[in-house]
Trainee: 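Below: one structure in structure tokens.
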Amino acid sequence: MQKFANPVVFLKLANAVLPWVWVLTALLFAIGLYGALVSTPPDAVQGEAMRIMYIHVPAAWMGLFVYVLMAGFSAVALVYRHPLADAAAKTAAPLGAMFCFLALATGSIWGKPMWGTWWVWDARLTSMFVLMLLYMGYVAVWNAIDDPHLAAKIARIIALVGVINIPIVKFSVDWWNTLHQPASVFTMKGSKIDPSMLWALLVMALAYTFLFLALHLVSMRSEIAARKLRQLRSNEIGAR
Amino acid sequence: MDWAAHNAGYVLAAYGLSCVGLVAIALFIILQDRKNAKALRQQKD
């Protein structure tokens, strides 16, 4: 693992796998969208509006997954002081924020025809909104503080403290009475979704995961270049 | 299929918004990567 944490090795590996990750992403989106919009049947109760599930659920899963990943990278950065772990957490945050925003927005659009309202302050929606605020706070810290070492320290703490919100989001539908439905894919009794619909949902979830992987690799490459550039410029100023 | 009777507007809005959001962040990241790579090359030269 330490070997891949070397920026030179990481860049070599990232550049080699990136084209394949992009191809797989495109392929998964093509299959997933065909399933979501064409081949899967409409829901018996919700009709065609249920098709929003195929983009809402993967976005919500990714919003949670990316935050856990970000907290993991922050923990590694805190323990091992490895700058690449900080870069990985920093570059994951805007992507997680976008997934979280899309989960909230598509959920709201789905809520209007199904619940008769765009928004309610129930436990699931509110905890997801808090997750969005955590992402925004994390991104703001990196952008607002000029000293990258201080920004990294504060950002790590935000990421690690905020991870407490993840089980709250996940179990909010079990702990409180919510307008949002309880879990229906990963339950103790197996999935409650019919296999004719489930496959498209899982393919879309994989497509979102690969899109994240591709964009995260590009973003990390960009961050490494930006750090090298800062270093070269400060060396140049120091040499004058 | 009678899309109008099946909340097609909501479905299109949700897919449209997701598409715009994901394409926007992808473009932002890719352009930022190119900008940083170009600046680094110029600095090294």
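Proteins come first, then strands; the chains are lettered A, B, ... in the order of their sequence lines, and each starts at number 1.
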Trainee: Count the heavy-atom pairs under 4.5 Å between each of A:Leu33, A:Ile52, A:Thr91 and chain B, then report the option with the highest count.
Mentor: A:Ile52
Trainee: Supply the atom-to-atom distance A:Leu229 CG to B:Lys35 NZ, rounded to the nearest 0.5 angstrom.
Mentor: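 Those atoms lie 10.0 Å apart.
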Trainee: Quick one: CD on B:Gln32 to OG on A:Ser219, what's the gap to the nearest 0.5 Å?
Mentor: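 With rounding to 0.5 Å, CD (B:Gln32) is 8.0 Å from OG (A:Ser219).
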Trainee: Rounded to the nearest 0.5 Å, what's the gap from OG on B:Ser18 to CZ on A:Phe101? Could you check?
Mentor: 9.0 Å
Trainee: Go through the steps to decide whether A:Tyr208 and B:Leu22 satisfy the test side-chain contact (heavy atoms from CB on, under 4.5 Å), and finish with yes or no.
Mentor: CA-CA 10 Å; A:Tyr208 271 60; B:Leu22 293 176; 4.0 Å; yes
Trainee: Got a second to check how far A:Leu232's CG is from B:Gln42's CD, nearest 0.5 Å?
Mentor: 13.0 Å
Trainee: State, with a plain yes or no, whether a side-chain heavy atom of B:Gln43 is found less than 4.5 Å away from one of A:Lys228.
Mentor: no
Trainee: How close do A:Ile109 and B:Tyr10 get, heavy atom to heavy atom, and via which atoms?
Mentor: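 Taking every non-hydrogen atom into account, CG2-O, 3.2 Å.
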Trainee: CG of B:Leu40 to CZ of A:Arg230: how many Å apart, nearest 0.5 Å?
Mentor: 12.0 Å
Trainee: Does a sphere of radius 6.0 Å around CZ in A:Phe210 hold more than 12 heavy atoms from other residues, nucleotides or ligands, not counting ones at 6.0 Å or beyond?
Mentor: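 Open: at most 12 neighbouring heavy atoms sit under 6.0 Å from CZ of A:Phe210.
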Trainee: What is the minimum heavy-atom distance between B:Tyr15 and A:Leu37, and which atoms define it?
Mentor: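 So the minimum-distance heavy-atom pair works out to CZ-CD2, 3.7 Å.
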Trainee: For the atom pair CZ (A:Arg221) and CD1 (B:Ile29), what is the distance rounded to the nearest 0.5 Å?
Mentor: 11.5 Å
Trainee: Answer with side chain, backbone, both or neither: which region of A:Met53 has an atom nearer than 4.5 Å to a non-hydrogen atom of chain B?
Mentor: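 Neither the backbone nor the side chain of A:Met53 comes within 4.5 Å of chain B.
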Trainee: Are any of the side-chain heavy atoms of B:Asn7 and A:Glu48 separated by less than 4.5 Å?
Mentor: no
Trainee: For A:Trp118, does the CH2 atom sit with more than 12 other heavy atoms under 6.0 Å from it, leaving out its own atoms?
Mentor: yes
Trainee: Taking atom CE of A:Met132 as the centre, report whether more than 12 heavy atoms of other residues, nucleotides or ligands fall under 6.0 Å from it.
Mentor: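 Atom CE in A:Met132 is packed in, count exceeds 12.
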Trainee: Only one of A:Ile224, A:Leu217, A:Val218, A:Leu215 forms a side-chain contact (heavy atoms from CB on, under 4.5 Å) with B:Asp33, so which one is it?
Mentor: A:Val218
Trainee: Between A:Ala225 and B:Ala37, which heavy-atom pair has the shortest distance, and what is it?
Mentor: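 The answer is CB-N, 4.5 Å.
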Trainee: Does atom CG of A:Asn235 have more than 12 heavy-atom neighbours, drawn from other residues, nucleotides or ligands, at distances under 6.0 Å?
Mentor: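 Counting other residues, nucleotides and ligands, CG of A:Asn235 exceeds 12 neighbours.
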Trainee: Give me the one residue out of A:Leu102, A:Leu95, A:Leu211 that meets side-chain contact (heavy atoms from CB on, under 4.5 Å) with B:Ile25.
Mentor: A:Leu95
Trainee: List the atom of B:Gly21, the atom of A:Met98, and the distance in Å for their closest heavy-atom pair.
Mentor: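 Smallest interatomic distance, heavy atoms only, reads O-CE, 3.3 Å.
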